[in-house]
Structures are given as C-alpha cells and as structure tokens.
Amino acid sequence: VALLLPVLLTSGACGYIGKVDFDGVAVHERDGVVYADGIALRHARWVTVDVPAEAGALALGSATRDISVATVAPGTPGRLEAQLLSEHEGDGAVSLAGGRLEASSAAGGRVLVNGLRGTIPGGTRMDLRSGTGAISARLAHGLSGLRVEAGTGPVDLSGGSAGDLEVKSGTGDVRLAELGGGQALVS
C-alpha cells in the first residue's frame, strides 16, 4: 500500500534555482551551471566511493541534484557514485570520513558533491538531505533508521524496513510504499 502526500511542487522553468544554504555554502544554479559561494563549478564528473560493510551511520546530502540509493545485504560493502562539481577541470576527490562524504581539491579550487547514486549496506543508519533534488531509497535489505530532509524535490521510499523513520519535506511530494519498521513521522 502506497502513501502519497501531495504538496505544491515548484518549477525551475526559468533556468534559475534560488540560493540554497547547504552546509554553510550558498549554492544556486543558473542555466545549468552550479555556483558555490558565487564561484562557477562548470566541471562535473562521477567519482566512486566505497562504503564499508559496517558503515554504522551515514549522512549524505546534495544541494540541487538527485540522491538515489538502495540497500544491499547486511555485511556487504556498498558503493556510491558522487557527482563532483569543480572549479577546475579534473580537479577534486571524494572520500568517506566519519560517515560523511568529503570533497577536496588538489588545485585549491572550489569543489562540491552534488548528486549521489549507489548502494548502502543494510542495517546502516542513514540521514539523507537535499535542497532541490529528488530523494529515492529502495530499502529491500532494511536500515536501522532513516531521516530524510528535502526542500523542494520529491521523496520516494519503498520496499523494506526503515527502522525509525522521519521525513521532512518543504514543497515536494512524499511517497512511502511497503515500508516496515519502527515509528514514522512525516511533516
């Protein structure tokens, strides 16, 4: 049984997405180019990040692009692909430290993780946050807990145990389907 909570969805048809304060960085997008604190990040590439089987807790976020994750069997390593935006072509690296993705620049330029897809070990506690992008999670192998915070993008969670679930959505639709687990709070 699916639960769909309709909420007003805004349109970015004008080619400009308003500023999003994301982890202390003012991010906005104009004509397909993302800016971080006023600096154009014109170069994008996908970077692979291995997630250890015993990840414990992960906090993942994206300012303007989508997040799409699925669980794999507990005890199995996961693998994320992070869209890395950079000021300089080919610059930047992404690592997992303390349950968070960290982008770094060898050239001293601005870099930003903005978009995620991949797999997470089952049993992990996960926090997902997006400013304007969609959040999708397929939980066939369950999580120990899930917290989702979305600004304007839709949220779609399905297929497994989310543990205790908290979903906060600004203006995007929220769809929960075939989820089990503990308590659920949707606002």
Practice task
Under the side chain to side chain contact (heavy atoms under 4.5 Å, CB included) rule, what do Ile135 and Val167 come out as? Steps first, then yes or no, please.
Solution key: CA-CA 11 Å; Ile135 296 177; Val167 178; over 6 Å; no
Practice task
Output, in order, the C-alpha distance, side-chain angles, deciding distance and verdict of salt bridge (charged side-chain N to carboxylate O under 4.0 Å, His left out) for Arg117 and Glu81.
Solution key: CA-CA 5 Å; Arg117 61 188 181 207; Glu81 290 181 318; 2.5 Å; yes
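Asp23 is listed as a side-chain neighbour of Arg129, based on a closest heavy-atom distance under 4.5 Å. Residues Leu80 and Ile120 have side chains in contact (heavy-atom distance under 4.5 Å, counting atoms from C-beta outward). Within the 4.5 Å cutoff, the side chain of Glu54 has no heavy atoms near those of the Pro121 side chain. Here the side chains of Val51 and Thr124 are not in contact, with every heavy-atom distance at 4.5 Å or above. When side chains are defined from C-beta on, Leu143 does not count as touching Leu165, because their heavy atoms never get closer than 4.5 Å. No side-chain heavy atom of Leu128 sits under 4.5 Å from any side-chain heavy atom of Leu116. With contacts defined as side-chain heavy-atom distances shorter than 4.5 Å, the pair Asp91/His43 does not qualify.
Closest approach of Arg65 to Ser130, counting heavy atoms only: O-OG, 3.9 Å. What you find for Asp66 and Ala134 is that their closest heavy atoms are OD1-N, 2.8 Å. In plain terms, the two heavy atoms of Ser169 and Gly153 that are nearest each other are OG-O, 4.5 Å. Closest approach of Gly92 and Leu84 over heavy atoms only: C-CD2, 3.4 Å. Residues Thr71 and Ala140 approach most closely at OG1-N, 3.3 Å, considering heavy atoms. In terms of heavy-atom proximity, Asp50 sits nearest to Leu96 at O-CD2, 4.0 Å.
Val25 and Tyr35 end up in different hydrophobic clusters when Ile, Leu, Val, Met, Phe, Trp and Tyr side chains are linked at under 4.5 Å. Val174 and Met126 fall within the same hydrophobic cluster, where Ile, Leu, Val, Met, Phe, Trp and Tyr residues are linked whenever their side-chain heavy atoms come under 4.5 Å apart, directly or through other members. No chain of hydrophobic side-chain contacts below 4.5 Å, direct or via other Ile, Leu, Val, Met, Phe, Trp or Tyr residues, connects Val113 to Trp46. Taken together through direct or relayed side-chain contacts under 4.5 Å among Ile, Leu, Val, Met, Phe, Trp and Tyr, Val69 and Leu58 form part of one hydrophobic cluster. A continuous path of Ile, Leu, Val, Met, Phe, Trp and Tyr side chains, each step under 4.5 Å between heavy atoms, connects Val94 with Ile67, placing both in one hydrophobic cluster.
Under the 4.0 Å criterion applied to side-chain N and carboxylate O atoms, Arg147 and Glu149 are assigned as salt-bridge partners. Under a 4.0 Å N-O distance rule, the pair Lys168/Glu166 qualifies as a salt bridge.
Ser136 and Asp156 share no side-chain donor-acceptor pair at under 3.5 Å. Side-chain contact of Ser158 with Arg138: a donor-acceptor pair under 3.5 Å is present, judged by distance alone.
Between atom CD of residue Glu87 and atom CZ of residue Arg42 there is a gap of 10.5 Å, rounded to the nearest 0.5 Å. We find the CG-NE2 distance between Leu41 and His88 to be 10.0 Å, quoted to the nearest 0.5 Å. Separation of atoms CG (Asp37) and CG (Leu112) is listed at 9.5 Å; rounding is to 0.5 Å. To the nearest 0.5 angstrom, Leu146 atom CG is 10.0 Å from Ser161 atom OG. Note that CG of Leu101 and OG of Ser95 are 8.0 Å apart. Values are rounded to the nearest 0.5 Å.
Formation of a donor-acceptor pair under 3.5 Å by the Thr119 side chain with backbone atoms of Gly78 is not found in this model. With Asn114 contributing its side chain and Thr64 its backbone, the two residues share a donor-acceptor pair below 3.5 Å.
For Arg125, the CZ atom sits in a packed shell: over 12 heavy atoms of surrounding residues, nucleotides or ligands are nearer than 6.0 Å. The environment of CZ in Arg79 is sparse: at most 12 heavy-atom neighbours from other residues, nucleotides or ligands sit within 6.0 Å.
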